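For reference, the structure is listed below as structure tokens.
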Amino acid sequence: MALLDVNGGGVKTLNSGLSLNIDGATFDSDDFTFGQQTFGAHGVFETLFATIEFSFDANAKITTYNVEDGGDPIADASGGSLLENFEVNVADLNKEFIVHFDLSSKELNKGGKKSLLVAPFSHDAGYLPSDNTVSLVPVPEPAGLALLALGLLGLGLRRKI
Amino acid sequence: MMNRLIGVVLCSVSMGVFAEPVLQLDIDGGNYIEDGDINFIDVLEEGVLTRENAFTVQAIHTSTVVPLSCLY
């Protein structure tokens, strides 16, 4: 969970108090540290962030769906996905902040190799505690940048030929 | 036509690279507005983002491959 300013920029220091509530626990200034997350480069960092560790409940199964298609998670005992809900309340959060959420696993056993699993950055989420409309500059995604590099490489090769 | 073919190939390669169990985040079952990398949880009403104080962040782990949109 990262704090951003209303322009989508990183927050290094706090000029005022900070308070938000997740699942009944209050997070304040002392719970946030400035820097880069551990799961790799992401455009919203460096900024103040806090980490919540949790384990998925193997019984909390839902039907697999793509969050970008919308819709509610559907409980399904034979579903292919697991769901963990976090009840967030930002009533006491200073309106100068956007709260941004990312999700990553500590490690994943993939074919005998340990690796880090991260939610694609198009599937993270943020909250803008303001009544104002704000235009944010989209942050390039690593995979998107890779595709751009591929395209430029192809263009370069075409010119050589 | 050639451009479309290249796009399909690149998209397929990307999907191949990312075709694995994934983590996703959702807010109130999709009740948000997406703007690039930042998703607003607020409801858009006549062009104004309406503040909501309480919402649910849903962390989702897909143990099977989900047909994600080709966004990459």
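Letters A, B, ... mirror the listed sequences (proteins, then strands); counts begin at 1. In this text the structure is predicted, and so the values were computed from the model without any measurement. FYI, side chains are in, hydrogens and waters are out, and symmetry mates aren't considered; it's all heavy atoms of this structure.
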(message) Could you measure the distance from the CZ atom of A:Phe101 to the CZ atom of B:Phe55? Nearest 0.5 Å is fine.
(response) 4.5 Å

(message) Rounded to the nearest 0.5 Å, what separates atom CD1 in B:Ile60 from atom CD1 in A:Ile62?
(response) 4.5 Å

(message) So, taking the atom named CG in A:Leu103 and the one named CD in B:Gln58, what distance separates them when rounded to the nearest 0.5 Å?
(response) 12.0 Å

(request) Select one option (side chain, backbone, both, neither) describing which atoms of A:Ile22 are under 4.5 Å from chain B's heavy atoms. (result) neither

(message) Given 3.5 Å as the limit, does a donor-acceptor pair link the side chain of A:Glu84 with the main chain of B:Val57, or not?
(response) no

(request) Nearest 0.5 Å please: distance from the OG1 atom of B:Thr56 over to the CG atom of A:Leu83. (result) 9.5 Å

Which donor-acceptor pairs under 3.5 Å do side chains of residues 48-60 of chain A form with protein atoms, sequence neighbours excluded?
| residue | atom | partner | partner atom | Å |
| --- | --- | --- | --- | --- |
| A:Asp57 | OD1 | A:Asn59 | N | 2.8 |

